[in-house]
Each structure stands twice: as C-alpha cells, then as structure tokens.
Amino acid sequence: MSHASYELKAETRERVGKGSSRELRRNGLIPAVIYGDKQAPISIALNTNEVTKRIHGGGFMTTVATIDVNGEKIRVLPKDYQLDPVRDFTMHVDFLRVSADSQVTVAVPVHFINEEKSAIKTGAVLNIVRHDVELHVPANNIPEALTVDLAGLKVGDSIHISAVKLPAGTSPVITDRDFTIATIVAPAAGMDAEEAASE
C-alpha cells in the first residue's frame, strides 16, 4: 500500500498569471490547480514548506491526499510539479481530483530483492531497464512499489512484467508486449559467472 494519506490546507486564488504567482511565492505560498472528475478546475495556493516536505519525503506522486480548500475537503492525487531549475524550489503543482472508484495512472517504482541468491552474488550485473512501471490502479489502493524476486536467476535471464505479481485491480499501461524490467548480464570485464566464482 502507498504512503499514509495526508491533508494540506489551501486557499483559492482569485488572480492567476505570472505576476500573481511570483507574489504568492514571495509570501511563502505555491500556486496549484485541482482539475478532473468532470468539474471546473480550481486555482489554489498552498504552503511552500508543507508541499516541499511532502515532495522530498518520497511517494508524493503515488499518495492520495486531501486538500482543505476553505473548508471543502477534496481528495486528490498529485499529477505533476515544477521545480525551479536553478534554486530547486517548488514552482507549481497540478492535482487530479479522485473519488473512491477512480482509476488513475501512476509510475510505481520497482524494488529488487534476493540479489545475493542470484548470479549477482558471483559477479554478474543487474541491468535495470525500468526503474518504475506505469500502471492503471484504483486511486484508493496505489502500491508503494513492485517487488521483483531475483532468487535463482542466472546470467542471461530476463525479468518481464508477466513475472511480476501485480496487486489486485492493477494493470500495466503497456499491454501490447511483455516488456523487460531487468536482465542479469555478465560483468563488463567479460569473464563469465563461473570464472567470477572461482576467483
């Protein structure tokens, strides 16, 4: 399951545009938009420190949050955020409205376990093709990560999406092929795993 949900307080923005956005940032606020669910978008302002803490805390893009807009509580999923390219502070956030039965598309990170029980222990290399996988998931049950078990894999083996146990109700966005997530390859030096083991 994804990170624990959280709540952010926001106020609506009457003025939009570059000038008002700069003024908000000077006052410690971030301009943001809530859209989707067949409703009109709402322009809001959020506390910069609160949002920045959430972004750097991990799991920001895969955690459903509640935004309290002048007393109205709206369930949302962050869809995008922009950072200042020079100073690395948050410039803007887009949120998607979600309901209990919403299906959303998120990039879920891939975690690898049992490296020591595979050819990696004897010098082979794990070549990660995809660090995350885009999935269609229920908004109220977003997985924190996909786990790939490497136990027993040898040089030349590939891990495809079909070998990964996906949580109930989720499916990969790419459906036209059984795409590769990672491969086990011989070390760049060229010796094979048996030689690596004997040295």
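Numbering of residues begins at 1 and proceeds along the displayed sequence. Worth saying up front: this structure is predicted, and the values here are computed from it rather than measured. The figures that follow rest on heavy atoms only: side chains count, while hydrogens, waters and symmetry mates do not.
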Pairwise side-chain contact, [X] with [Y], heavy-atom cut-off 4.5 Å (strictly under):
{"X": "Ile159", "Y": "Leu150", "value": "yes"}
{"X": "Leu77", "Y": "Phe95", "value": "no"}
{"X": "Val64", "Y": "Asn140", "value": "no"}
{"X": "Ile42", "Y": "Ile74", "value": "yes"}
{"X": "Asp37", "Y": "Val98", "value": "no"}

Are Arg25 and Phe89 in a cation-pi contact, defined as NZ or CZ under 6.0 Å from the six-membered ring centre and within 45° of the axis?
->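 No, Arg25 does not lie over the aromatic ring of Phe89.
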Rounded distance [0.5 Å steps], [atom1] in [X] versus [atom2] in [Y]:
{"X": "Leu146", "Y": "Ile181", "atom1": "CG", "atom2": "CD1", "answer": "6.5 Å"}
{"X": "Leu29", "Y": "Glu11", "atom1": "CG", "atom2": "CD", "answer": "5.5 Å"}
{"X": "Ile30", "Y": "Ser21", "atom1": "CD1", "atom2": "OG", "answer": "11.0 Å"}

Under a 4.0 Å threshold between the charged nitrogen and the carboxylate oxygen, would Glu23 count as salt-bridged to Arg26?
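Judged by the 4.0 Å cut-off on N to carboxylate O distance, Arg26 and Glu23 do not form a salt bridge.
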Fill in: Sidechain N-carboxylate O distance under 4.0 Å for Lys73, Glu7
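Here Lys73 pairs with Glu7 in a salt bridge, since their nearest N and O are under 4.0 Å apart.
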* May I ask you to decide if the ring planes of Phe60 and Tyr81 are parallel, tilted or perpendicular, using 30° and 60° as cut-offs? =>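 Perpendicular: the ring planes of Phe60 and Tyr81 meet at over 60°.
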- Item | Between Glu72 and Asn70, a side-chain donor and acceptor under 3.5 Å |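 Side-chain D/A pair, Glu72 to Asn70: absent.
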